[in-house]
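Below: one structure, written as structure tokens.
Each residue takes its place number in the sequence, starting with 1. Every number for a ligand or one of its atoms is a count from 1 in the order of the listing.
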Amino acid sequence: MKFEFVTAAADADVLAVLVRDGREFSAAAAAADSAAGGSLKKAAGAGRFTGASGSTLVVAAPAGVEAGSVLLVGAGKDALDDIALENAAAAAYHAVKMSGASTLTLDFSDLTPEQSARAAFAVKLAAYRFDKYRTTQKPEKIPSITTVRVVTSDLRASEAAHDQLAAVADAVEFARDLVSEPANVLYPAEFARRVKALEHLGLKVEILGEAEMEKLGMHTLLGVGQGSRRESQLAVIQWNGGAEGEQPVAFVGKGVCFDTGGISIKPAEGMEDMKWDMGGAAAVAGLMHALAGRKAKVNAVGVLGLVENMPDGNAQRPGDVVVSMSGQTVEVINTDAEGRLVLADALWYTQDRFKPKFMIDLATLTGAMIVALGLDYAGIFSNSDDVSNAILDASGKVGENFWRMPIPQIYDKHIDSKIADMKNMGNGRAGGSITAALFLQRFTNGVPWAHLDIAPTAWANNSPRPTVPEGAVGFGVRTLDRMVADAYEAK
Ligand code: BES
Ligand code: ZN
Ligand code: ZN
């Protein structure tokens, strides 16, 4: 897709203009309507189009208008904030992407240069597809829009703003690609290779294999991967865009490239979804991509625990006891509660080596999180109001939903083991997401920390957001990028 900024709409196949709720035409919409002799307003009336947010109406070939067709885009009744603007631009794209038209011009009236850039950014996110494994496709199923033009009052300012936003969109796409890949293609070493390739952006990437992790004593992580033919990996990504010697911010991702459950094997139905059990690691990789892409003035580290959870003759058994890098011992009651075992060593390693300002881990950790919050909210568990408020604040600005959950100390005893320091699940299913978070907390060594359980949101089945197509979301990249930008970057 090509994105261009223009100072006037010309040569448009489709000209998209905004209409506010109550059929209130924006300046560009009114101008098009008067050129068309009032036929746009007439069409809106006849087509029950009121300008409600998310609604669109295509008016084909109106006489008097140069464009092939005019697309009325509902802007709703509330102020056009960033999210409403993104949704309008993305909805415009979806309304005509298969129409046969090749250029879409957004003339949204009175946008700031930054808003014009954001409209292009929204279309880029909305147009994401993962088609690499299709060998045939009916022509009418292939989007026809190849160029998007956005009208702006200031070309240079829009282009500059777009460079920054496009870096974030590229990063979201990188994360979505990782999440979309099947597990026969994207196993730990391949994931690590793709992350290593990010060095061209200026990131520093180290990959640790099993021998190195063995030396560090990372046996909770290694135990998860020991039933797999694929070698476990730890990817350590550094971005040094801040002052030299300044404490970094740290992000840790669960990268279970496939989760069969191990010996505590999962039922067959729906197991294919567990290719996206690396969505946390993908989000961290995407975040580091975004920080480097827009040259963020911050020091940041991303640590990815990459494993495959398989049952075989060498697999970990229920009841096994493993020693974590922290020295604490864990009785593995259920080999399907593997994410917390991976994160236990990854979190400990991160705080031990980097002494970060805070650590945020992202993980598709528990099915219980989906039961608690439904499919459009991720959970935050945190020992720090500052860190969780910064996340919540940023998430609101980018339209990713989070809800803060409790981590009450009274439940902590539920993960005490009779024979080791702890066990890897609570008693039964009650509070399953909370006991998982309490388990992780035991490996944070008191560092300010937040755990984001993104099991509900990593994959979209029925996304309510037009910037998020069906499938891999790249959830978390935008929130954490914005959080770093707003709260932790040098200005
Ligand atoms: N990867 C799963 C959690 C999950 C389930 C993510 C569904 C996305 C969709 C995780 O490793 C898991 O299996 N957790 C168990 C924990 C239980 C055994 C304590 C769960 O949620 O059932
Ligand atoms: Zn599992
Ligand atoms: Zn898992």
Inset, instruction - Salt-bridge test for D82 and K397: reply yes if a basic N is under 4.0 Å from a carboxylate O, no otherwise. - result: no
Inset, instruction - Drop me the distance from H451's NE2 to M405's CE, to the nearest 0.5 angstrom. - result: 9.5 Å
Legend entry - Test item: K275 and D277 side chains (from C-beta on) under 4.5 Å apart, heavy atoms: no
Legend entry - Proximal protein heteroatoms (N, O or S) of the Zn ion (ligand 3), under 2.8 Å: K254 NZ, D259 OD2, D277 OD2, E338 OE2
Inset, instruction - For the pair E246 and K355, find out whether any cationic side-chain nitrogen is under 4.0 Å from an anionic carboxylate oxygen. - result: no
Legend entry - E190/K196 salt bridge by N-O under 4.0 Å criterion: no
Determine all donor-acceptor pairs shorter than 3.5 Å in which one atom belongs to a side chain in residues 365-377; sequence neighbours excluded.
from: T366; atom 1: OG1; to: M369; atom 2: N; distance (Å): 3.2
from: T366; atom 1: OG1; to: S433; atom 2: OG; distance (Å): 2.7
from: T366; atom 1: OG1; to: D453; atom 2: OD2; distance (Å): 2.7

Kindly print each ligand 1 N/O atom paired with any protein N/O atom under 3.5 angstrom away, one pair per line, or none if nothing qualifies.
from: ligand 1; atom 1: 1 (N); to: K254; atom 2: NZ; distance (Å): 3.3
from: ligand 1; atom 1: 1 (N); to: D259; atom 2: OD2; distance (Å): 3.3
from: ligand 1; atom 1: 1 (N); to: D277; atom 2: OD1; distance (Å): 2.9
from: ligand 1; atom 1: 1 (N); to: D277; atom 2: OD2; distance (Å): 2.9
from: ligand 1; atom 1: 1 (N); to: T364; atom 2: O; distance (Å): 3.4
from: ligand 1; atom 1: 11 (O); to: K254; atom 2: NZ; distance (Å): 3.2
from: ligand 1; atom 1: 11 (O); to: D259; atom 2: OD2; distance (Å): 2.9
from: ligand 1; atom 1: 11 (O); to: D336; atom 2: O; distance (Å): 3.0
from: ligand 1; atom 1: 11 (O); to: E338; atom 2: OE1; distance (Å): 2.8
from: ligand 1; atom 1: 11 (O); to: E338; atom 2: OE2; distance (Å): 3.0
from: ligand 1; atom 1: 13 (O); to: K266; atom 2: NZ; distance (Å): 2.8
from: ligand 1; atom 1: 13 (O); to: D336; atom 2: O; distance (Å): 3.1
from: ligand 1; atom 1: 13 (O); to: D336; atom 2: OD1; distance (Å): 2.8
from: ligand 1; atom 1: 13 (O); to: D336; atom 2: OD2; distance (Å): 3.1
from: ligand 1; atom 1: 21 (O); to: G367; atom 2: N; distance (Å): 2.7

Inset, instruction - Return the set of residues passing side chain to side chain donor-acceptor pair (under 3.5 Å) with E272 (not counting sequence neighbours), or none when no residue passes. - result: none
Legend entry - Pair Y349 and F443, ring centroids less than 6.0 Å apart: no
Legend entry - Sidechain N-carboxylate O distance under 4.0 Å for R294, E489: yes
